[in-house]
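Notes to accompany the following structure.
For ligands, and for the atoms within them, numbers begin at 1 and follow the listed sequence.
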Amino acid sequence: MSKLVRKAVFPAGGLGTRFLPATKVIPKEMLALVDKPIIQYGVEEAIASGIEHIIIVTGRGKGAMEDHFDHSFELDATLERRGKDELLAVSRGVATLARISYVRQKEPLGLGHAVLCAKEFVGDEPFAVILPDDVIDAEVPCLKQMMDVFNERGGSVLATQTVEGPAISAYGVLAGVQDPNDKRIYECTGMVEKPKFADAPSKQAIIGRYVLTPRIFELLEQTEPGAGGEIQLTDGIRALLKEEKVFGYTFEGKRFDAGDKFGMLQATVEFALKRPDLGPQFREYLKGLPL
Ligand code: G1P
């Protein structure tokens with residue numbers, strides 16, 4: 001079994017109902033954050049972290065993602081003929097960004113089931129999971145930070161962040177013991193998917209980045225439907241915890257929930273402000289608004 005994390009699974013089969021009507025035809029992963037589909041941020045993060053092979057778990061009506069990460073001959077030929085070299089490089093760059101395989105999740109049975117759909121592609125080696133809705137802005141890519149923890153500690157690693165108040169109920173929540181030598185690391189003792197506020201074991205919410213050992217696949221095969229009647233990844237990891245060490249890791253960086261309207265607006269403003277070509281003009285515009 002390879003001990004290196006070389007593959008990343010992107011569950012992208014969800015319906016995106018939070019963004020209707022925009023997502024009636026367009027996969028939510030293809031909604032643009034400034035000028036890039038949100039899934040491309042995750043793919044770029046994976047590649048920058050050293051991932052070699054990406055597995056996107058898709059579903060019905062999600063074909064636009066496959067077209068996006070492929071060559072577009074008509075577009076490229078037109079750009080070439082018109083001498084638009086920079087745009088041609090952008091278009092070709094997306095098609096050559098990564099080695100990507102696709103697998104269909106035929107029924108919407110939950111996140112745990114989506115990850116299980118990638119089993120044949122991953123095989124018997126540790127792997128990453130990236131939830132494309134969670135866009136993370138970080139100096140060192142979030143997944144790279146987690147792969148470093150995995151290589152050092154040898155157990156599965158889940159990204160976490162502190163969430164105050166009842167909002168914690170929207171997440172998987174960790175119970176764990178903070179490492180006295182590294183306050184970013186928690187050794188997990190339990191976890192629960194979308195608990196009631198009163199039942200949440202901590203303020204440590206699981207964010208959509210995971211490094212997992214392949215044992216999770218066998219455990220997910222045995223996982224019964226949980227919160228929302230779905231096969232939950234959190235429940236599979238709780239079973240893994242009984243056999244192997246699992247760590248929570250408070251990553252350095254800022255996470256945006258781009259699967260949510262308000263989160264998408266926040267991300268749009270912050271990413272646009274950071275762009276050298278748009279930032280200065282956009283800042284001036286915002287300053288001029290009667291807020
Ligand atoms: C999923 C996971 C949850 C995690 C969250 C992070 O939930 O099931 O444990 O906290 O992603 O974004 P979802 O947001 O898909 O309902």
Does the structure place the NZ or CZ of Lys36 under 6.0 Å from the centre of the six-membered ring of Tyr41, at an angle of no more than 45° from the ring's axis? yes

Establish whether Val5 and Ile216 are linked, either directly or via other cluster members, by ILVMFWY side-chain heavy-atom contacts under 4.5 Å. no

Given Arg209 and Asp134, is the salt bridge (Lys or Arg N to Asp or Glu O under 4.0 Å) satisfied, shown in steps? CA-CA 8 Å; Arg209 300 288 183 277; Asp134 284 333; 5.1 Å; no

Is Glu230 near ligand 1, meaning one of its heavy atoms is under 4.0 Å from it? no

Quick note on ligand 1: atoms under 4.0 Å from a heavy atom of Thr234 include exactly 9 (O)

Can you tell me the protein heavy atom closest to atom 16 (O) of ligand 1 and the distance? Lys194 NZ, 2.7 Å

Within the 4.0 Å heavy-atom shell around Asp134, which atoms of ligand 1 are there? 6 (C), 12 (O)

Pick one of side chain, backbone, both or neither for how Gln161 approaches ligand 1, counting any non-hydrogen atom pair under 4.0 Å. neither

Does Arg215 pair with Glu243 as a salt bridge, N-O distance under 4.0 Å? yes

Nearest protein heavy atom to atom 9 (O) of ligand 1, by residue and atom, and its distance? Glu193 OE1, 2.7 Å

Lys242: what forms a side chain to side chain contact (heavy atoms under 4.5 Å, CB included) with it, not counting sequence neighbours? none

Which atoms of ligand 1 sit under 4.0 Å from any heavy atom of Ile206? 4 (C), 5 (C), 6 (C), 10 (O)

Output the list of atoms in ligand 1 that are nearer than 4.0 Å to some heavy atom of Arg255, sorted by atom number. 12 (O)

Among all residues two or more places apart in sequence or in another chain, which pass the ring-ring contact (aromatic ring centres under 6.0 Å, His included) test with Phe256? Phe271

May I ask whether Leu233 places a heavy atom under 4.0 Å from ligand 1? no

Leu15 atom CG: more than 12 heavy-atom contacts under 6.0 Å: no

Which protein heavy atom lies closest to atom 11 (O) of ligand 1, and at what distance to 0.1 Å? Leu131 CD1, 3.3 Å

Name the residue from Tyr210, Phe121, Phe217, Phe150 that meets the ring pair (Phe, Tyr, Trp, His ring centres under 6.0 Å) definition with Phe127. Phe217

Before signing off on this row, confirm whether Leu111 and ligand 1 have an N or O atom pair separated by under 3.5 Å. no

Any protein heavy atom lying closer than 4.0 Å to atom 14 (O) of ligand 1? no

